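Written out below as structure tokens is the structure these notes cover.
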Number of protein chains: 2
Amino acid sequence: MAETRWLDEREMAAWKGFLEATSRVSRHLEQQLKEDAGLSHAQYEILVRLSAAPGGEVRMTDLAHGLFTSKSGLTYQVSQLEKHGLVERRSCPTDVRGVLAVLTPEGRDTLRAAAPGHVAAVRAALIDVLERDELDVLAHALGRVGARLRPAGQDSGMADSGGISTSSS
Amino acid sequence: MAETRWLDEREMAAWKGFLEATSRVSRHLEQQLKEDAGLSHAQYEILVRLSAAPGGEVRMTDLAHGLFTSKSGLTYQVSQLEKHGLVERRSCPTDVRGVLAVLTPEGRDTLRAAAPGHVAAVRAALIDVLERDELDVLAHALGRVGARLRPAGQDSGMADSGGISTSSS
DNA sequence: GACAGGTGGTTCAGATTTGAAGAACTGGGA
DNA sequence: TCCCAGTTCTTCAAATCTGAACCACCTGTC
């Protein structure tokens, strides 16, 4: 094994900054969503993906890609959403095994209600804290970082999940 | 309530990049540590903090600051470490309520053994993917982001946790 | 058509996390 | 001294997450 290349001061600063920002932002948004909308971040993301899809329906598998939980985790979260009436399960017409998650009207309403507060929180926690050029560097650099760790042959899943949380509705 | 300021394209790219990089890196490192050293990232961080402290001992409370888990989470993780003989609990001499977590020799060995692989993984996943200037921008920008969400009157807890994982031993 | 191998989702047990509640104690003022 | 508010840490139940095991099903091949 080669000699270990330890982190120098600047590298360490970047790593620690990343670690701290990461956990604080995630915890902060998790709480904001829970308080304001009764949703976990994972659930919010599911709703966003569904709302962006034509018909408001997406195969479980497609949902799992790009959504950063395990398959069983997704099953669990969708069940929770179903229990609250925000999503329905429907069997896939082209593949009997398949299951479609379908956004209900209540789900769409919930998302519509939650989105403004969430976007505001994202701005306050991250976006509006950054300068314009920092924002771009961050987007490029972290984009590369994320892409490299992406399972082979998998689309970003982030490419166009725009929907309610992105552009003006 | 003011009109919602939705995210424009560049802002959205930054946010999504952040989200994806965040979860992929964290998941990746979690697995690397688990496989190579049988530690969770949280446990690794605890060991690092202890190894950097004089005497290898730190109050639970001090450990909790800067470590991004709840108090009960810390109790749980320290119990796990104790069960594996990497850490001992000792009561604090200056405050009967207090508990000191103390690094055992086995704990120090475990950390020493785990550190090179972990640093290599951090490099491969994040640090070596970034250009020099991106690294600095990221450190400054995310440093600011993390600091803003820091509970009032709390030191970074990241300031000097150097120890084994930082500089050349 | 029948088979082998891969896919899609769920279920399960076990690990982890969280906030709330509790038990024990400190510290400073009346 | 006594009391009260605040601190420290643990315990508890409930929620969540994970990987492995599992069943049902699709698909390409012979």
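Atoms considered below: every heavy atom in the structure, side chains included; atoms not considered: hydrogens, waters and symmetry mates. Small disclaimer: the values here were computed from a predicted structure and weren't measured.
The distance between atom CD of E30(A) and atom P of dT16(D), rounded to the nearest whole Å, is 10 Å. Look at CG on L33(B): it is 14 Å from P on dT16(C), rounded to the nearest Å. Atom pair L67(A):CG and dT16(D):P shows a separation of 15 Å (rounding to whole Å applied). The interatomic distance linking R59(B) (CZ) with dT26(C) (P) rounds to 11 Å, in whole Å.
Hydrophobic clustering (ILVMFWY, side-chain heavy atoms < 4.5 Å, transitive): Y44(A) and V87(A) are in one cluster.
Contacts of residues 86-103 of chain A with DNA chain D (heavy atom under 4.0 Å): D95(A), V96(A), R97(A).
Residue Q80(A) places at least one side-chain N or O closer than 4.0 Å to OP1 or OP2 of dT16(D). Put simply, K83(A) has no side-chain N or O that comes within less than 4.0 Å of OP1 or OP2 on dA15(D). For dT16(C), neither phosphate oxygen OP1 nor OP2 lies less than 4.0 angstrom from any side-chain nitrogen or oxygen of Q77(B).
Of the listed nucleotides (dG9(C), dT16(D), dT16(C)), dT16(D) has the atom at the smallest distance from the side chain of K34(A). Checked against dT10(D), dG8(C), dT11(C), the side chain of M60(B) finds its nearest nucleotide in dT10(D).
K34(A) contributes atom NZ, which lies 11.5 Å from atom CD of Q32(A) (distance to the nearest 0.5 angstrom). Within the model, atoms CG of L29(B) and CG of L126(B) stand 8.5 Å from one another, a figure rounded to the nearest 0.5 Å. The CD atom of Q31(A) lies 10.0 Å from the OG atom of S26(A); values are rounded to the nearest 0.5 Å.
Between H41(A) and W15(B), the ring planes lie parallel to each other; the angle is under 30°, not in the 30° to 60° tilted range.
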Nucleotide N/O of nucleotides 18-22 of chain D paired with protein N/O under 3.5 Å:
unit_1: dT18(D); atom_1: OP1; unit_2: R27(B); atom_2: NH1; d: 3.2
unit_1: dT18(D); atom_1: OP1; unit_2: R27(B); atom_2: NH2; d: 2.8
unit_1: dT18(D); atom_1: OP2; unit_2: S70(A); atom_2: N; d: 3.3
unit_1: dT18(D); atom_1: OP2; unit_2: S70(A); atom_2: OG; d: 3.3
unit_1: dG19(D); atom_1: N7; unit_2: S72(A); atom_2: OG; d: 3.2
unit_1: dG19(D); atom_1: O6; unit_2: S72(A); atom_2: OG; d: 2.8

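Between D133(B) and V137(A) the shortest side-chain heavy-atom distance does not fall below 4.5 Å. Within the 4.5 Å cutoff, the side chain of F68(B) has no heavy atoms near those of the T22(A) side chain.
Atom CZ of R148(A) has 12 or fewer heavy atoms from other residues, nucleotides or ligands within 6.0 Å. Open room surrounds NE2 on H140(B); 12 or fewer heavy atoms of other groups in view lie less than 6.0 Å from it.
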